[in-house]
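Beneath this line is the structure, given in C-alpha cells, with notes to follow.
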Amino acid sequence: MKYSLQLGNIFGIKVQIHWTFLILLGWIVFSNMRAGSGAEQTMWSVLFILTIFACVTLHEFGHALAAKRFGIKTKDITLLPIGGLARLESIPEKPKEELIVAIAGPLVNILIVAALYPIVHFTSDITSSIKQLTAITSENFLFNLMFINLWLAVFNLIPAFPMDGGRVLRALLSFNMERHKATAIAARIGQLLAIGFVILGFFSNPFLIFIGLFIFLGAQAETEYTQAKSILKGFTVNDVLMKQYQTISSGETIKAAVSMLLNGQSKSFLVTDNGQAVGTLNRDEIIKALSSQGENLIIHNVMNKELLFLKAEMPLEEAWQLMQQHKTLMPVFTNDKLVGTLDTENILEFIMVKGAITKG
Ligand code: ZN
C-alpha cells in the first residue's frame with residue numbers, strides 16, 4: 001500500500017503502518033488535551049491504542065500463519081486506523097483450509113482474552129470506563145484491553161463478507177455445495193445483516209451505518225468475484241484472446257497513435273520494436289501525453305514498459321487474477337510466437353456473455 005511506513009519483517013512478512021494511523025494518534029492526543037488530561041493520562045490513552053493495534057497485528061498474523069501452513073504466502077500486513085489487513089496471495093478454496101485461515105484471526109483475540117482473564121482486576125465501576133478513551137488508567141487498562149479483544153473476536157465473526165465470519169460461513173456451506181453458490185448464500189445473509197446495521201445505526205450509533213455499508217459492498221464484490229471465477233473455470237486464455245490486434249512501432253509519434261485511436265475500434269495498442277512486443281499504450285496514456293507534451297513525442301518515452309506475457313494455454317481464472325493487479329493489455333504467446341492480446345475488457349465481455357447464457 002502507498003504511503004506506508006515499514007515497521008519490519010516478521011516470519012518473512014512485511015509489516016507496515018499506513019500514514020493515516022498518525023491522524024488517529026494525533027486525534028487521541030488532541031481529545032485528551034481538550035478534555036484537560038495531563039501528560040500521564042494522555043500517555044495511557046496512546047499506549048492503549050498502540051496495544052490494541054499490536055493485538056490487531058497478532059490477529060492478522062493468525063490468518064497469515066494459518067495460510068502459510070497451506071502454502072499460501074502473505075504479501076504484507078498493513079495497519080490502518082480502522083483495523084489490519086493481511087494481503088494473502090490467494091484465498092484457499094478448499095472449505096477446510098478456508099475455515100482454518102478465516103477463524104485463526106478471531107481465535108488469536110480469544111486467546112488474548114483467555115490470557116488476560118486471570119490477571120484482570122474486576123471492580124464494580126470498571127465497565128463504564130470503556131466509553132471514554134480519556135479514562136484509561138493503570139487500573140482499568142488490562143480490563144479494557146480484554147474487553148476490546150472480546151469485541152474484536154465477536155465483531156470479526158459477524159457472518160458477512162468481508163468480515164472473517166463471512167468466510168467461515170461460506171466455508172461451512174461449501175462442504176455441501178459449490179463454492180459460488182455458497183458465496184451467494186453467505187453474501188445474501190451478510191447483506192441482510194448489513195441492512196439491519198444501517199437501520200439500527202439510524203436509531204443508535206451512526207458508526208453502524210458505516211459498518212453496514214462496508215459489509216454490503218464487500219458482500220457484493222465477493223459474490224461478483226466468485227461468480228466470475230466459476231464462469232471462467234475450464235477456459236483458457238486461448239478461448240478469449242483477440243487474434244486481431246493493432247500494433248504500433250515504438251519509434252512512431254503520439255500523432256500516429258492518435259490517428260489510430262480515431263480511425264479504429266481499439267482503445268489500447270501493443271507497442272513493438274522490430275516485431276518484438278516492448279510495451280503497451282492505451283487511450284488514457286495517449287491523451288495524457290498529448291496534453292502534457294504534444295503530438296510529436298516519441299511513443300517509446302510514454303508507453304507502459306511493464307509487459308506481462310501470457311501463455312495461450314494458461315487457465316483463464318489465473319489470467320483474470322493477474323489482471324486485477326495489472327490492468328494493462330497483455331500479449332499472448334504460443335511457443336514463443338505472438339498469437340494475440342488480452343485485456344480486462346475481453347474477459348469482462350466473456351463473463352457477461354457466458355453469464356447471460358447460463359441465466360437464460
Ligand atoms: Zn481477520
Side-chain angles (χ1 to χ4, degrees), residues 1 4 7 10-18 20-21 24 49-116 145-174 182-183 186-187 189-190 193-194 197 207-208 210-223 225-226:
M1 209 170 271
S4 294
L7 291 184
I10 308 167
F11 297 117
I13 299 165
K14 221 163 57 181
V15 181
Q16 52 191 15
I17 195 160
H18 197 254
T20 48
F21 196 82
L24 179 69
I49 284 291
L50 292 179
T51 317
I52 291 172
F53 275 85
C55 293
V56 168
T57 310
L58 290 174
H59 170 113
E60 298 304 325
F61 267 104
H63 292 306
L65 295 179
K68 199 177 172 184
R69 273 197 48 187
F70 304 118
I72 296 167
K73 282 189 197 136
T74 302
K75 285 182 212 154
D76 48 44
I77 289 173
T78 305
L79 295 176
L80 298 154
I82 51 162
L85 181 71
R87 284 201 305 158
L88 304 189
E89 269 178 351
S90 63
I91 302 285
E93 295 202 0
K94 285 189 192 126
K96 195 180 140 203
E97 295 181 2
E98 180 172 41
L99 182 65
I100 292 172
V101 171
I103 215 156
L107 197 63
V108 169
N109 298 109
I110 291 170
L111 288 177
I112 295 172
V113 172
L116 288 174
L145 190 63
M146 189 183 87
F147 184 85
I148 288 276
N149 273 284
L150 191 63
W151 191 80
L152 279 173
V154 171
F155 177 70
N156 278 290
L157 284 174
I158 294 171
F161 294 114
M163 316 305 297
D164 297 331
R167 295 190 190 288
V168 170
L169 179 62
R170 178 195 23 218
L172 291 174
L173 290 170
S174 298
T183 306
I189 293 173
L193 276 174
F197 277 129
F207 189 62
L208 285 175
F210 173 73
I211 293 175
L213 289 174
F214 179 67
I215 289 175
F216 197 90
L217 296 175
Q220 189 100 18
E222 191 67 36
T223 316
Y225 180 78
T226 39

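Everything numeric in this text was worked out from a predicted model, so none of it was measured. One-based numbering, in listed order, for ligands and for the atoms of each.
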Exercise for the section: Provide the tally of protein N/O/S atoms nearer than 2.8 Å to the Zn ion (ligand 1). Expected result: 4
Problem - Centroid-centroid distance, Phe197 to Phe216, less than 6.0 Å - result: no
Exercise for the section: Report, as yes or no, whether the 6.0 Å neighbourhood of atom NZ on Lys75 holds more than 12 heavy atoms from other residues, nucleotides or ligands. Expected result: yes
Practice task
Could you label the plane-to-plane angle of the Phe155 and Trp151 rings as parallel, tilted or perpendicular, counting under 30° as parallel and over 60° as perpendicular?
Solution key: parallel
Problem - Main-chain N/O of Val101 paired with His63 side-chain donor or acceptor, under 3.5 Å - result: yes
Practice task
Answer yes or no: is there a donor N or O on one side and an acceptor on the other, between the side chain of Glu60 and the main chain of Ala86, under 3.5 Å?
Solution key: yes
Exercise for the section: First locate atom CZ of Phe210, then atom CD1 of Ile215, and finally report the distance between them rounded to the nearest 0.5 Å. Expected result: 10.5 Å
